[in-house]
Amino acid sequence: MEMCEQCGKQAATVHLTRIANEGTKVSHFCQDCAASQGLSAQQDIQQDLRECRHCHMKFSEFAISGRLGCPACYLEFEKEIDAMFVQMHGAKNHKGKAYSEHSEGSLGTADIQSLTKELAEAVKREEFELAALIRDKIRQRSDHAKIDRT
């Protein structure tokens, strides 16, 4: 029986797998220590069964593989992925390489389509922080386009 890594006194019932560039690390915690770190021994079944409307990938499959099925998955699982950023990096906001800004003057459909292609490429390369910035830019420009049309 695996013992809790934090307290070393109780049996580990929560197993956390972290996937990073360096590889995979599995941590083992008892329920009390897991709760103190904001972890839960019971996953939300409804969340696990949610799936992308486009490619039908289930969130549980993404959680296991760490790979999204298509660009639409990023938007479908947005809240969960944002929560993962906070857990992994301590913040939701990007703090790495800056995304090159497009001119704010062109808010047309072609600009949004270009950003959508960039989003798909970033997701394909598994650059999720960059993808989050592009997603937000698409939403911002879509909102501006709606305002301009009214």
Side-chain angles (χ1 to χ4, degrees), residues 5-6 12-29 31-150:
E5 291 179 10
Q6 189 169 341
T13 57
V14 178
H15 308 281
L16 175 66
T17 303
R18 292 185 180 120
I19 302 170
N21 291 340
E22 310 85 50
T24 303
K25 182 182 185 307
V26 180
S27 300
H28 310 279
F29 303 102
Q31 285 188 352
D32 294 337
C33 291
S36 73
Q37 293 187 26
L39 303 172
S40 172
Q42 205 172 25
Q43 292 182 339
D44 183 356
I45 294 171
Q46 287 182 332
Q47 176 180 307
D48 285 353
L49 297 177
R50 283 189 45 230
E51 66 178 38
C52 174
R53 290 175 230 161
H54 183 72
C55 73
H56 304 289
M57 178 182 216
K58 289 184 173 46
F59 179 78
S60 59
E61 294 174 272
F62 164 66
I64 292 167
S65 70
R67 296 180 187 266
L68 296 171
C70 71
C73 286
Y74 191 83
L75 297 173
E76 189 69 38
F77 305 129
E78 174 184 359
K79 289 179 185 174
E80 293 85 357
I81 293 170
D82 284 348
M84 290 171 70
F85 285 151
V86 172
Q87 185 180 22
M88 291 187 308
H89 302 292
K92 183 177 163 184
N93 297 333
H94 181 268
K95 295 183 180 185
K97 213 192 286 187
Y99 174 71
S100 63
E101 295 291 326
H102 290 281
S103 68
E104 291 297 324
S106 61
L107 297 175
T109 306
D111 191 39
I112 292 173
Q113 288 174 342
S114 174
L115 287 170
T116 302
K117 287 180 184 176
E118 288 182 42
L119 173 62
E121 290 170 13
V123 170
K124 186 176 181 179
R125 291 188 311 265
E126 297 184 19
E127 295 177 358
F128 300 122
E129 292 175 336
L130 176 60
L133 290 172
I134 297 170
R135 177 206 61 212
D136 294 343
K137 183 70 76 176
I138 290 169
R139 285 193 177 149
Q140 178 185 21
R141 290 178 186 229
S142 294
D143 290 344
H144 285 298
K146 287 176 190 173
I147 292 169
D148 291 344
R149 281 184 244 150
T150 58

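The figures here come from the full heavy-atom set of this structure, side chains too, leaving out hydrogens, waters and symmetry mates.
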Check Lys58 with Glu76, please: is the shortest side-chain N to carboxylate O separation under 4.0 Å? no
Hey, are Asp82 and Arg135 close enough for a salt bridge, meaning a charged N less than 4.0 Å from a carboxylate O? yes
Student check: side-chain heavy atoms of Thr116 and Ile134 closer than 4.5 Å: no
Compare every heavy atom of Phe128 with every heavy atom of Tyr74, then report the nearest pair and how far apart it is. OH-O, 3.3 Å
In terms of relative ring orientation, are Phe62 and Phe77 parallel, tilted or perpendicular, with 30° and 60° separating the classes? parallel
Exceeds 12 heavy-atom contacts within 6.0 angstrom, atom CZ of Arg125: yes
Distance col, row Arg67:CZ vs Glu61:CD, nearest 0.5 angstrom, shows 14.0 Å
What are the two closest heavy atoms between Gly69 and Met57, and how far apart are they? N-SD, 3.1 Å
Short side-chain to backbone donor-acceptor contact, Glu5 and His28, under 3.5 Å: yes
Scanning both residues in full, the closest heavy-atom pair of Val123 with Ala131 reads CG2-CB, 3.9 Å
Spatial distance of atom CZ (Arg141) from atom OG (Ser114) [nearest 0.5 Å]: 9.0 Å
Hey, mind stepping through Arg139 and Leu75 against side-chain contact (heavy atoms from CB on, under 4.5 Å) and telling me if it holds? CA-CA 11 Å; Arg139 285 193 177 149; Leu75 297 173; 4.0 Å; yes
Going from CD1 on Ile138 to CG on Asp111, what distance comes out if it is rounded to the nearest 0.5 angstrom? 9.5 Å
Do Thr13 and Phe29 come close enough that some side-chain heavy atom pair is under 4.5 Å? no
Interatomic distance, CD1@Ile81 vs SG@Cys73, rounded to 0.5 Å, equals 8.0 Å
So do Phe59 and Glu80 actually touch side chain to side chain, heavy atoms under 4.5 Å? yes
Approximate separation, where rounding is to 0.5 Å, of Glu121 CD and Leu130 CG: 10.0 Å
